[in-house]
Every structure is written in structure tokens, then in C-alpha cells.
Amino acid sequence: MAMDKTFDAKQAEGRIYDAWESAGAFRAGANANRDETFCIMIPPPNVTGSLHMGHAFNNTLQDILVRWHRMRGYDTLWQPGQDHAGIATQMVVERQLAQEGKRRTDFTREEFLAKVWEWKQESGGTIINQLKRLGASCDWSRNAFTMSGAPGAPEGEEGNFHDAVIKVFVDMYNKGLIYRGKRLVNWDPHFETAISDLEVENTEVPGSMWHFKYPLAGGETYTYVERNADGNVVLEEERDYISIATTRPETMLGDGAVAVHPSDERYAPIVGKLCEIPVGPKEHRRLIPIITDEYPDPNFGSGAVKITGAHDFNDYGVASRNNIPMYRLMDTSAHMRSDGADYATCAKRAQEIAEGADFTVEEVDALNLVPDDLRGLDRFEAREKVVDQITSEGLAVMVENDQGELVPLVDKKPIMQPFGDRSKVVIEPMLTDQWFVDTAQIVGPAIDAVRSGETTIMPESDRKVYFHWLENIEPWCISRQLWWGHQIPVWYGRRAKDGGGYENLKSTRDMICCASEQQAIEWAKANYSNDKIVVLQEPPSSNDDAVFSDPEAEYIWRDPDVLDTWFSSGLWPIGTLGWPEDTPELKKYFPTNVLITGFDIIFFWVARMMMMQYAVVGQRPFDHVYVHALVRDEKGKKMSKSLGNVLDPLELIDEYGADAVRFTLTAMAAMGRDLKLSTQRIAGYRNFGTKLWNAARFAEMHGATGSIGTIPQPKITVNRWIVGETAKVRNIVDLSLSEFRFNDAANALYAFVWGKVCDWYVEFSKPLLMDGTETEQAETRETMAWVIDQCLVLLHPIMPFITEELWQTLGKRDKMLVHGDWPTYGDELIDADADREINWVISLIEAIRSARAQVNVPAGLQVPVLVTEIDAAGEQAWERNEAMIKRLARIDSLTRTDTLPKGAITIPVEGGVFALPVADLIDVAAEKARLEKSVAKLEKEINGLRKRLDNPKFAESAPADVVEETRDNLRARTAEEAKLRDALNRLAEVA
RNA sequence: GGGUGAUUAGCUCAGUGGUAGAGCGCUUCGUUCACAUCGAAGAUGUCAGAAGUUCGAAUCUUCUAUCACCCACCA
């Protein structure tokens, strides 16, 4: 049965993948024949995800390593799974509800979660199927999910990942590694949740900085003196205000102080005095103290900074240090607060505090300092109103513009603004109660492991990025005000006798961190010496004091927040292997061998896994971390939906086949460098597949199939040569892959299959297979069958589909190629003599072909060839390979001669001169030009070589082999040049 | 502001001290029995610039320029 001319990827890939899967080919330990293990954890894609180029790249590299090790007989596990992706998933489901005109809050938490699970079960498998199309050889029977086993998980979502996460939280809490606190955090006003520093994208946007006057209390004045660098007075005037610059005027309402640098002499006269915030109803303007702190930079702006502890990270620090109250101005959606008492009441109390009254954090937080007319406004609206009001009162700092008019001083300038990476809205620093991991306590081992080399990070440059982040790590805010996620295992209790309803709650509640509600109830019973415990389904809020209706009962309720997604994915390595159970898989595969991941999640994920694995099991999660770069479009732009330049890997797979896509990504995977993907390149590698296919087709047509895997030991030089070349490429592939140089492996295979096997070996084999003796034919068939098999084996990790298809087409096999035996042969197969001889033959053929083309000998014409000055090696090479040379150089006969005829085309080769006596055919001028050009080129080379050798220091300093090589080179070039000059002379005689 | 990387053929990129490489594109030729998703031949580079180290630099050092990315609280 004749093979088709091309591989039909579309038709074959699904069939082949199904065959692998139904044979259990990817199961952990499949094809293992040694004790060593090899394990890779997939970076779990979001359940909401669909395969993009980054996934395709990332998973191709993983699959290569996994398939390679599996074929080498390692006990191999590629652990797949998905991440529940808290915000992203909740967003998707909420968006869906929105289409039905519903909101999350229309449902109970339980109902909503049921909907998310439903969605997960319907759509969560998308990416798995897409990974399968790519050829990913994961052990799908072990597919994991970071929310498996969570309360409310439907059938089919069992598992212990949730239990593991909860156990880690409880353990870490008990060890004091997790704490709760009211801190300033990044708040996403769209999702109404805290997010971590990493989820904030700082972007430069056009902005304004306004300069306002804060009048001194009671109309006091002082002499403001400004000096230049030399100490000379440049400005001296009486002022009754202090000038403040801000990009966020609306936060002035929450100012607690104005700070200046202690060494700033300009403001020394007024430090300790009070100034007035120039916003709000005139009759209730608040006064705030002028304090000193190291934070303000005297050389920036006016040198004075307003301190709004609840809405700015710097100010938070200053306020904490100086016991300045932090007034929260906004609600969870970043609208100006409208809760609490009226403005006048709150402002009055704030004034007392500014004048020195004691205060508590809770009290301050309850004060709403938003003037009544601004309450409920969006923060940006409020900003405009505040600016308008100040300006209209003449409290803006005025400057003269180029028209000579006095205008308010507003610096228009780009400012860095924080945006939520998911919501894309402006992040608001908010003072809220959150849970934190005290990262400072657990970061040590994660740093040490990489420093000591226990875990290596590649490329080297990413080590620095890793160190820099970990060495400056901030507490990790792990609580999220979402529903989809692992709910924090903390229960609060309220002692019945404390009574007092909600208002009394915050200071009187108790807290327990434990793994289950049952334990919380037990705790409450013991703690309160009361068996009557009521579990509230939601935390009590200010408007339902009535929930504490039973005066005899103790009430407990669970913290409503969930954990940051990365807290659970940080446990991915141990969690997927069954921890905290002491499973055989955990024993066998942990620590895992290598993590392959994108640079964009080094902090989010890699660093956290390092910290968490050490914190929980005291071991590194992986030996190596291979960090790959970004896949960009062909112009080098980041692929993004909004730019419309996204290449969909699935469409590419449809068009070119998975193997072509994989090979392209592999060949371009130079470490640490972004890759620009073009479809042209993919088409090129698709062609490579076709080339391989047709080489196999040729072999099949000539019965060169059915290798039983035994390494052939041929006698014929060309067969010996290709066996050696195969050994060379096997060596390169193994070496490259072991060093994660994927592109080197791919390129070596490409050059071997196309440049050696197809371009030369297949051509060389033709005279042997067609006209050779019985023995020659048999030997060549056997060699070719083996060589083609080796191509398939070595290419299989990169191009699994086409190689598997050919493997099964070319013979009856014991095993599928996915379980093929990876070869171990090496240099012993290289025959140096055969190498030399075949390389000589190749260069002869190339020289003849080149000469023919340049002097326009018709391509189809068989010509005679003369040879002179041939040495013994050349003689032998010619004799043994005559048929091949004649065929490939289109020569019909060879004649020995002592003198070359005038007007022949001269072809110098090592150890001889060949000539084509076709004077009547050739264009003498063209031949002359050809020769002269070669001479010129040689001369340049010869000069360079001479110059080096003439330098006595070269011989002294350079290694002997380099000197020797240079001498040989010079000899050979000089000889060649002489031959060409001869030829030119003969040509001159013709003319 | 700090850090990292890049700058090599028209394009995309390999190459880490010893005579500049690949793929694509381009030019010319070619339907012979693996393959036109092909074959043969060919053209193309002061390896960003400058200085230094060295017998020898695309490769090491320093500086400069341009670009990219990451981190960062300058009101």
C-alpha cells in the first residue's frame, strides 16, 4: 500500500491521541524500566482559560521533557490540573448572571457557589481538551483542581485539595505565620475586594497636581524664607498659609496632619501649630497639626505633605509613626462615604482629636468626614467639586501665566496610577481588616535554596529578579472579599452576656482558627461554658442586632472572606500529590524535577510555592525552574485581544498541525528571549514534517523498513557515515535537552533530518538500492530502516503525532513510539574515516555542481570529467563512491590524465584537481570571472592567515592546535590558489 | 529612580575568545522513479558606536546611543 505524499494531521492527530490515552500511555510510571523518577507539575491554567500561545509554548516544552524521560524509561509523571482562579472565575459567572439581569447578591452565597460549580463542570474542561490537541501527555487520570473537595463541591469534584489548604492555613496560623490586622491594602472598587500588590498594575496616565493653601489657624502669619543652593535668600515674604501639593484633592477631607522635614527651615516657625484644611462647610473647617517626619522631601513641591493615612501608602507610614488618625473617606465601591453621623458631628470630634484628645482606631474609622453635599459621590466627581470649591475661595496657589494673568497653579503631568489587573479600575488604598501571611518569617529558606543551588533558576538573570523580590518582600494579603474560593477557616464568637448588639461586637468578639465548623462549635462550648451554640450563616451586620435574639445562646459565625487564589496554588506541588496524606506518589515524585513557567508568574507563583513548600513540608518543591519568555506577534507586540493580534494556537493547529506548531515554538525557545511568532515560520516547520514523511515514504517504497532496533554494523562507507551522523545528533539532542536548550535540540534534528538524511543519505542510497548487489541492497535497507526509525524516535518528543503515525506505518511494532526506547549509543558509532571520505565526496559534488551552474552547463547534461593530481585517499574515495558522485554531479565518465586540456572547467578539491572538458560548451568569460573571483577570495583569506602566522606572538601565545590548524589552512588555501591560477593560465591560452 | 536584557544578512533570530551562521524572503536554473509543502546554484554583513584587555574580540571590560521588559510610595 503506497503512502500518501503528505501527513494528514487533521485526520490523524485525534486518532493517535485517543490511541495513546486508551492505552494508558501517559499514566504515571508508564513505560518505566528504572527507579529514577521524573515529575513535572503543570502550571495549572485557570478554569476560565482557553489555550493561548503562552500555554502552547509552556506545555510544549513540558511535554518534550516528559516524553523524553518517559522514553528513557524514567518513572514519569506529568501532573495536570486547573486553578479555581477566584476573581477571574467569579467575574465570568457574574457576567453571565448579568446577562440574565441578575446579580450575585440576588443569591445566597451557597446558591451562587452552586452556579459557579455548575459553570466549572460545563466549561472547565475546555482547556484540557485544548491541551490534548497540542499533544500534551499529562496523566489525565490524576487531573487536579485547586478547589476539589471544598464544601458544596458536586459529584466528581471530590479530592482533598481543599482540606490541604485549610490544614496549611490552620497550621500556619497556629505557628504565628498568619495574622489578621487592620492595614492599608490595595482595594479593587469594582470587585470590592482587597488584592495583593502583585495584582496592581501601575500605569502612567495624564494627571494634575494642584497646589493649595492651608491657612494657619487664627490667621497667624510667619516669615517664609527660601534659599537657593548657595544659601542666598531668593524669596522672603509674610505668609498666613502653608502650601500643599496633591494629585488627589478629594482625600484632603481625610487629612490628619501636614508633615514637613525636620531640617526644613522654611517651616520651622510653624511646626507644632495648626492649619486649616480648606474644604468642607466653612463653619466646620477642621484644623490639623503641622508635624515633622523624615518622609517629606524638602526639594520636592513645597516640601510640605498632607497626611491622609487611610488613603495613601506613604501617608499610612507617616500617620502610624506619629499617631495621626486615619480617616476613611470611601465605601467599598470607592464612593464617598454616606454612613455614620452627620458631617458636623464627625468634624467636631475630629477637631478634638487634632487638638490632642485620645482616640481609638475603631472610633476614628466610624467618623465620616465627608461633607454632607459630597456623600455618595464617586471619588472622581468629588475631586472636581473639591477643586472647584477651593479655587472659588481663592485658596489655590496662583501663578502668572504667559499672558500675564494670575491662574491657579496646576501642574499637568503624567502620574503613576494603580489599576486592578483584572478590573482595570483605579485601585484605592483602603484601611480594612485583612489576613496576612507574615512572609518575612518564611522567606528565608526560599532564598537560601536558590542561593545554594538546591533549586536552580534558569536563565541566570531571573535569579536576580527572584532574589530582589524576596529580599524586599512585603506581608502578603491573603484575604479576598469574594465568594468563590477557600473560605477562611476562622470563626468568631460573641459572648452572650456581653450583649450590646452589633456596636459592641468588634471589641468583644473571640476568634478561633480551626479546620471545621464542628471544631468551632466545640471550642465555643468550652470557651463560653455553654452548650447552646448558634451558628450564624453570615456575619452579623450593623442593621441586624436582632440576630442575637436568644439571650441564652452563644453565637458564632465564620469569617466570610476567602483566600487569595495563589495561597492554594502555592501548595500545588504537594497538594496534587495527596498531601497531607503520606501517599506513595508524594514519596516517589516529590520534590519534583523541574517547573516550566513564564516569567510573569515568578512572584505570584514560583516564589510563593518555594516559600509555602518549605513552610509546610520543609523541602524544595523542584530542582529546577525554567523560566521562559513571552510569545509575541511577528512585529514583536504583546499579543492581546484589544490589539487583535492574537494568534490562536488551535487555529494554527488546524491549519498546520500540532507538530508544526510545537516544532516552531521549540526551535524558537532560546532561553530568556521573547519569541516573535510568524505563520511563515510555522509553515516552514510543517514542510519539515512533510520532508520527514517523504523520506520515510522513500524508505517504505524501497523496503527499507522493519528495523528491529538493533544498531546496524554496515561495511559500506556511506552507511557507516550516516550511522555515525545519527550518533552525533543523538548526543546533541540529549545534551541540549538536559540543559534545557530546546532550540538547540530542535535545530540539530532539523539539520540532521533535512540536511544529512534527506539531502545526502537518501540520494547516496539510490544507486545502492537500485543497482547494488544483493548484499549492498540488504545492508543499505537495514541501515536506512534504522536511520529513519532513529529520526522518528529522536523527533518524537517534539513532533509526537507524525512520528507515531510513521512509526506504526513503517512496520509491525511491539510498542507504540510514545513508549519507544530512547537510544543511548554514542561516539563509538562514529567512523572517522567514513566521515572524512563522505565529506570529501560531498564537497566534490558541491564543487562540480557549483562550477557547472556558474558557467551555465545545462543542468540535464551528463558530462565527462577528468582528474589529475589525485592523491591516494581521493582515489579510494572516488572508487568507492563513483556511482553516487556520477549520479549527483551528473557525470558520465572519469578519465585520469596528466595534463589538463586548455579550456576545461577546473575544480580544485583537497588532494586533487577535477576538470570538466567542455570547452566547446562554456562561456570563457564566465569561467574566467568565476576563477578570478575565487582567487580573490582565497587571497584575502591567505593574507589574513599569513598575517597571523607572521606575528611571532601568535605562535608563542596561541594553543598549539590552533597554530597547527592555521598552518594547515594556509597550506591548503595556497595550494588551491595555485591550482586556480593554473586554470586561469590555461584559459588565457584558449582566448 | 533602580534593575535586567537586547542591538549580527532585506525580515526573524542562533552563535560566548580562534577563518561570520540558520530559516524565511530574493535572483537564476530544474517536472528524472521520496518530496514543487521540492531540488540545485547564487547574492547579501565595518556583528549599534567608541575606547580598552588579548597574538587574536560578534564573543571579555568600560563608556555612549537606541529599544524592550521588570520593580519602585516622590506628595
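Both backbone and side-chain heavy atoms feed into the values below; hydrogens, waters and symmetry mates do not. What you see is a predicted model, and the numbers here were worked out from it, not measured in a lab. Throughout, protein chains are lettered first and strands after them, A, B, ... in sequence-line order, and every chain is numbered starting at 1.
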Within the structure shown, what part of the strands sits under 4.0 Å from A:Asn951 by heavy-atom distance: base, sugar-phosphate, or nothing? sugar-phosphate
Between B:rA75 atom C1' and A:Asp297 atom CG, what is the distance in whole Å? 10 Å
Nearest-Å distance once atom P is located in both B:rC71 and B:rC60: 27 Å
Just checking A:Tyr316: base, sugar-phosphate only, or nothing, at a heavy-atom cut-off of under 4.0 Å? nothing
Name the pairing partner of B:rG5, where a pair is Watson-Crick or G-U wobble with both distances under 3.5 Å, or state none. B:rC67
Could you check whether A:Gly303 gets within reach of a base, just the sugar-phosphate, or nothing at all, counting any heavy atom under 4.0 Å? base
Give a yes/no on whether any side-chain N or O of A:Lys464 is located under 4.0 angstrom from OP1 or OP2 of B:rG2. no
For A:Trp210, which contact category applies under a 4.0 Å heavy-atom criterion: base, sugar-phosphate, or nothing? nothing
Taking only the P atom of each, what is the distance from B:rG45 to B:rG52 in whole angstrom? 27 Å
Is it the case that the base of B:rA34 and the side chain of A:Glu763 share a donor-acceptor contact (distance under 3.5 Å, atom types as modelled)? yes
Using side chain to side chain donor-acceptor pair (under 3.5 Å), reason through A:Lys413 and A:Ser208 one step at a time and then give a plain yes or no. CA-CA 6 Å; A:Lys413 62 168 197 178; A:Ser208 306; over 6 Å; no
With no hydrogens and no angle check, is any side-chain donor or acceptor of A:Arg608 less than 3.5 Å from a backbone partner on A:Ile602? no
Nearest-Å distance for atom pair CD1/P, residues A:Ile415 and B:rA75: 7 Å
Any base atoms under 4.0 Å from A:Glu965, or only sugar-phosphate, or nothing? Heavy atoms, all strands. nothing
Check every atom of B:rC24, B:rA34, B:rU19 against the side chain of A:Met770 and return the nucleotide holding the closest atom. B:rA34
B:rU44 and B:rG10: how far apart are their C1' atoms, nearest whole angstrom? 9 Å
Using Watson-Crick or G-U wobble geometry with both distances under 3.5 Å, which nucleotide pairs with B:rA58? none
A:Ala695 side chain: which of B:rA34, B:rU19, B:rC74 is closest? B:rA34
Please classify the nucleic acid contact of A:Pro959 as base, sugar-phosphate, or nothing, using heavy-atom distances under 4.0 Å. base
Expressed as a whole number of Å, how far does the P atom of B:rG25 sit from that of B:rU62? 41 Å
For A:His628 and A:Phe57: C-alpha separation, side-chain torsions, deciding distance, then whether ring pair (Phe, Tyr, Trp, His ring centres under 6.0 Å) applies. CA-CA 9 Å; A:His628 66 248; A:Phe57 183 34; 4.7 Å; yes
Contact class for A:Lys766 vs. all strands (heavy atom < 4.0 Å): base, sugar-phosphate, or nothing? base
Picking from B:rU32, B:rA40, B:rA75, which would you name as closest to the side chain of A:Arg890? B:rU32
Is any side-chain N or O of A:Asn314 under 3.5 Å from a base N or O of B:rC73, one able to act as donor and the other as acceptor? yes
Among B:rA34, B:rC55, B:rA75, which nucleotide sits nearest the side chain of A:Phe698? B:rA34
Taking the ring centre of each residue, are A:Phe742 and A:Tyr626 less than 6.0 Å apart? yes
With a 3.5 Å limit on both atom pairs, tell me what B:rG10 is paired to, counting Watson-Crick and G-U wobble, or say none. B:rC24
Kindly assign one of parallel, tilted or perpendicular to the pair A:His702 and A:Phe698, based on the angle between their ring planes and the thresholds 30° and 60°. tilted
With hydrogens left out and only the distance checked, is there a donor-acceptor pair under 3.5 Å joining A:Ser461's side chain and the base of B:rU4? no
Run the salt-bridge test on A:Arg248 and A:Glu250 with the 4.0 Å N-O cut-off and return the result as yes or no. yes
Expressed as a whole number of Å, how far does the C1' atom of B:rG21 sit from that of B:rU61? 26 Å
Is a side-chain donor or acceptor of A:Glu739 paired with a backbone partner of A:Ser736 at a separation under 3.5 angstrom? no
Tell me: CG of A:Asn969 to C1' of B:rU19, nearest whole Å? 7 Å
Taking atom P in both B:rC11 and B:rG5, what distance in whole Å separates the two? 25 Å
On the nucleotide B:rC38, are OP1 or OP2 found under 4.0 Å from the side-chain N or O atoms that A:Trp693 carries? no
Sub-6.0 Å ring centroid separation between A:Tyr750 and A:Tyr685: yes
Do any side-chain nitrogens or oxygens of A:Gln680 fall under 4.0 Å of OP1 or OP2 in B:rG23? no
Sugar-phosphate only, base, or nothing, as touched by A:Ser850 at under 4.0 Å among non-hydrogen atoms: sugar-phosphate
Sugar-phosphate, base or nothing in reach of A:Arg697, heavy atoms under 4.0 Å: sugar-phosphate
Can you measure A:Leu949 atom CG to B:rG56 atom C1' for me and round it to whole angstrom units? 12 Å
A:Lys691, nearest nucleotide to its side chain (from B:rC73, B:rA34, B:rC55): B:rA34
Checking contacts here: which listed nucleotide (B:rU37, B:rC74, B:rA34) is nearest the side-chain heavy atoms of A:Tyr295? B:rC74
When you compare B:rA43 with B:rA50, how far apart are their C1' atoms, in angstrom units rounded to a whole number? 32 Å
Using a 4.0 Å heavy-atom cut-off, does A:Glu956 contact any base of the nucleic acid, only the sugar-phosphate backbone, or nothing at all? nothing
Touch check for A:Lys5, heavy atoms < 4.0 angstrom, all strands: base, sugar-phosphate only, or nothing? sugar-phosphate
Check every strand shown and say whether A:Lys413 touches a base, only sugar-phosphate, or nothing at a heavy-atom separation below 4.0 Å. sugar-phosphate
Under 4.0 Å between any heavy atoms, over every strand shown, what does A:Arg852 touch: base, sugar-phosphate, or nothing? Just pick one. nothing
Consider the side chain of A:Ala958, meaning its heavy atoms from C-beta on, and name the nucleotide among B:rA34, B:rC55, B:rA41 that approaches it most closely. B:rC55
By nearest atom, which of the nucleotides B:rC71, B:rA75, B:rC73 is closest to the A:Ala245 side chain? B:rA75
Checking N1-N3 plus N6-O4 or O6-N4 for Watson-Crick, or N1-O2 and O6-N3 for wobble, each under 3.5 Å, the partner of B:rC38 is B:rG30
Do A:Lys5 and A:Thr690 have side-chain atoms, one donor and one acceptor, less than 3.5 Å apart? no
Would you measure the distance from the P atom in B:rA9 across to the matching atom in B:rA14 and give it in whole Å? 12 Å
Can you see whether A:Ser196 engages A:Glu199 through a side-chain donor-acceptor pair at a distance of less than 3.5 angstrom? yes
Would you kindly give the CE-to-C1' distance between A:Met416 and B:rC70, to the nearest whole Å? 11 Å
Using a 4.0 Å heavy-atom cut-off, does A:Lys940 contact any base of the nucleic acid, only the sugar-phosphate backbone, or nothing at all? nothing
Without decimals, in angstroms, what is the distance between A:Ile242 CD1 and B:rA75 P? 18 Å
The side chain of A:Gln854 lies closest to which of these nucleotides: B:rG42, B:rC74, B:rA34? B:rG42
B:rC35, B:rC38, B:rC55: which one has an atom nearest the side-chain heavy atoms of A:Asn687? B:rC38
Using a distance-only criterion (donor-acceptor N/O pair, under 3.5 Å, no hydrogens), is the base of B:rU32 paired with the side chain of A:Arg887? no
